Structure formats: structure tokens, C-alpha cells
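To start, the structure itself, in C-alpha cells.
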Amino acid sequence: MAVEAAGLVSIWLAPGPVVAAIGAVLTGLGYSLVYPGLGAEAVAHLPASSRGLAMGLYTVFLDVALGFGSPALGLIAASAGLRFVFLAAAATALPALAIALLLRREARATVPGTKRAAAG
């Protein structure tokens, strides 16, 4: 999420096409890692019989987010300008980064053999 957000901010602040292209690469790289990573987290603590349903719901919510987010970003582009779409997208990536960090923290706390798991 941090790489994706950094890429989006790079595009927003880009003084020219080279920096914008680098930002696009960072955004794509970051997103390509986020989707499967959060998907794996969505099914990690479920029994095998429920994992297909969980992945289906995860995908549905991605579709809903894209369905509502795309028109919202279009409104931002129409009112504030195209550059601000990237700022808005970066701003929405930051809460997702916080959630991912919390999930990572919880996962580390439950791994046997770690200090937090032993203390808990």
C-alpha cells in the first residue's frame, strides 16, 4: 500500500512525463502486491470449506469499490482537475495501509515462537 500511495503521489506531483511514468510503475507494482496479499489475509483464518466464499466476497467488494470509486473520481476530475484524482486515490490508499499494518501486526502476534505470541 505504501508503494502504491507513493506512486499516486508521484503522479500527482509530477513535473513531467518521466516522473509520472515512474509513479505509474510504482502504483501498478504496489497494487499488484496488495490485491493478492489482502486476499490471502481474507482467507487465512478460515476453514478450507469457507475460503471460496470469502474470496468471492473479497472480489465482490473490490468490484463495488471500483463501481462507486470510479464515478467519484470522475467528479473530482471534473471539479478540481485530473491531477487531483491521483491525490484522492493516494488519500484512500492510506487508510488501507493502516488496515494492512494492523493485519500484519495481528498476524505476527499469533505466530507461534514469536515474542508476542509467547507473552500472550
Side-chain angles (χ1 to χ4, degrees):
M1 292 302 310
V3 172
E4 179 182 2
L8 289 164
V9 169
S10 296
I11 297 170
W12 172 55
L13 295 174
V18 173
V19 175
I22 292 169
V25 168
L26 288 173
T27 301
L29 178 65
Y31 182 75
S32 72
L33 298 173
V34 168
Y35 183 75
L38 290 178
E41 187 62 34
V43 300
H45 305 288
L46 297 175
S49 60
S50 300
R51 289 182 182 162
L53 176 62
M55 276 308 296
L57 288 172
Y58 176 70
T59 301
V60 164
F61 278 101
L62 173 67
D63 292 343
V64 169
L66 292 173
F68 284 104
S70 297
L73 291 173
L75 289 173
I76 291 171
S79 64
L82 186 58
R83 290 184 56 213
F84 288 94
V85 168
F86 300 102
L87 177 61
T92 61
L94 294 178
L97 174 61
I99 291 168
L101 291 173
L102 286 172
L103 290 172
R104 181 177 162 195
R105 183 177 174 191
E106 286 180 16
R108 285 187 174 178
T110 59
V111 173
T114 62
K115 291 179 185 178
R116 298 193 87 195

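Nothing here was measured: the structure is a model prediction, and the numbers come from that model.
Put simply, the side chain of Y58 never gets that close to the backbone of A40: no donor and acceptor are under 3.5 Å apart.
Between V3 and L33 there is no side-chain heavy-atom pair separated by less than 4.5 Å. Looking at heavy atoms from C-beta onward, L13 lies out of side-chain contact with V19 at the 4.5 angstrom threshold.
Surrounding CZ of F61 are at most 12 heavy atoms belonging to other residues, nucleotides or ligands under 6.0 Å away. Counting heavy-atom neighbours within 6.0 Å of R51 CZ, excluding the residue itself, gives a total above 12.
When all heavy atoms of A100 and L38 are compared, the closest pair comes out as CB-CD2, 4.4 Å. When all heavy atoms are compared, the tightest approach of S10 to G23 is CB-CA, 3.8 Å. Across all their heavy atoms, P71 and G67 have their closest contact at CD-O, 3.0 Å. Taking all atoms of both residues into account, the shortest heavy-atom contact from L73 to A89 is CD2-N, 4.5 Å. In this structure, V9 and A90 approach most closely via the heavy-atom pair CG2-CB, 3.7 Å. Between A93 and A5, the closest heavy-atom pair is CB-CB, 4.1 Å.
Hydrophobic clustering of Ile, Leu, Val, Met, Phe, Trp and Tyr side chains at less than 4.5 Å, counting indirect connections, keeps L8 apart from L75. Put simply, M55 and V34 are part of the same group of oily side chains (I, L, V, M, F, W, Y) that touch within less than 4.5 Å, one to the next. Under the 4.5 Å side-chain heavy-atom criterion for grouping Ile, Leu, Val, Met, Phe, Trp and Tyr, I99 is connected to V43 within one hydrophobic cluster. Hydrophobic clustering (side-chain heavy atoms under 4.5 Å, transitive across Ile, Leu, Val, Met, Phe, Trp, Tyr) groups L103 together with Y35. Both L26 and V18 belong to a common hydrophobic cluster when Ile, Leu, Val, Met, Phe, Trp and Tyr are linked at side-chain heavy-atom distances under 4.5 angstrom.
Note that the OG1 atom of T27 and the CD1 atom of I22 stand 11.5 Å from one another [nearest 0.5 Å].
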For this session: Decide side chain to side chain contact (heavy atoms under 4.5 Å, CB included) for F86 and I76; before the verdict, give the C-alpha distance in whole Å, the side-chain angles of both, and the deciding distance to 0.1 Å.
Result: CA-CA 10 Å; F86 300 102; I76 291 171; over 6 Å; no

